[in-house]
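A quick note: this is a predicted structure, and the numbers were derived from the prediction, not measured.
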Amino acid sequence: DTAVSQTPKYLVTQMGNDKSIKCEQNLGHDTMYWYKQDSKKFLKIMFSYNNKELIINETVPNRFSPKSPDKAHLNLHINSLELGDSAVYFCASSPYRGSGEQYFGPGTRLTVT
Amino acid sequence: AQSVTQLGSHVSVSEGALVLLRCNYSSSVPPYLFWYVQYPNQGLQLLLKYTTGATLVKGINGFEAEFKKSETSFHLTKPSAHMSDAAEYFCAVILANQAGTALIFGKGTTLSVSS
């Protein structure tokens, strides 16, 4: 069983479209995250949820909206996609908030054309 | 604010040679430090961590790192490189016991291993 899974693995779409990425963890962790990895492999936190509560919301365009229906799931919806949104998006989870020991999903490579 | 700096974006070694990947941190309070590895087209995997206690920490795959407060460093080493060690390595820091903080990653170091 995969600990942190993401779907889809690849997403190719056109500018202006709306898309979603789903994430699920089966580790029983309380905290989940979304990271963005750019073309230079730089990783940056976007959002974090703890037990369905938003606890970290970095400077991210409001076209990005996370949703956590329960503590095992964290989805990312992106409206009006732009070329600059092309990146790899990673979901991660940790046992508690503030933990640096995080478990990452395989990533979703988003390409906006 | 805390940050990490990884010296050298690319390190090349021969199989069997020592691996040394450098990381310096900046933090106003005691940090927790981590090394993560990313293999091609995969997510990140925790290699090792320093929180408190012993300053020499051992991780998976024969890697270890030493926390040196006086040098604000947390360099990653492995005595003998394997071809399978070729990957991207990230140093990361988080403020100790701060519930609302996030991991801050360095820019990564690509390790190449030649035969």
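- When heavy atoms are compared at a cutoff of 4.5 Å, Gln38(B) approaches chain A solely by way of its side chain, counted from C-beta outward.
- Judged purely by distance below 3.5 Å, without hydrogens or angles, the side chains of His77(A) and Asn79(A) pair a donor atom with an acceptor atom.
- Using a 4.5 Å cut-off between heavy atoms, Tyr35(A) touches chain B through its side chain atoms alone.
- Of the possible polar contacts, none joining the Asn61(B) side chain to the Phe63(B) backbone as a donor-acceptor pair under 3.5 Å is found.
- Lys9(A) touches chain B through its side chain: at least one heavy atom from C-beta onward sits under 4.5 Å away, while N, CA, C and O do not.
- In summary, the side chains of Gln102(A) and Ser94(A) do not present any donor paired with an acceptor at a separation below 3.5 Å, with no hydrogens or angles considered.
- For Tyr103(A), the OH atom counts as loosely surrounded, since its 6.0 Å shell holds 12 or fewer non-hydrogen atoms of other residues, nucleotides or ligands.
- Both the backbone and the side chain of Phe105(B) come within contact range of chain A, judged by heavy atoms closer than 4.5 Å.
- When each of Gly100(A), Gly107(A), Pro106(A) is checked for heavy-atom pairs under 4.5 Å with chain B, Gly100(A) comes out on top.
- Here the side chain of Thr31(A) pairs no donor or acceptor atom with the backbone of Asn50(A) at under 3.5 angstrom.
- Gln37(A) touches chain B through its side chain: at least one heavy atom from C-beta onward sits under 4.5 Å away, while N, CA, C and O do not.
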Test log, rule salt bridge (Lys or Arg N to Asp or Glu O under 4.0 Å), inputs Lys52(A) and Asp70(A): CA-CA 6 Å; Lys52(A) 301 195 296 175; Asp70(A) 56 61; over 6 Å; no
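- Chain B forms more heavy-atom pairs under 4.5 Å with one residue of Phe90(A), Tyr33(A), Phe42(A) than with any other, namely Phe90(A).
- Phe104(A) and Tyr36(B) have their aromatic ring centers within a separation under 6.0 angstrom.
- Both the backbone and the side chain of Leu43(A) come within less than 4.5 Å of a heavy atom in chain B.
- Of the atoms belonging to Glu88(B), it is side-chain heavy atoms, and not backbone ones, that fall under 4.5 Å from chain A.
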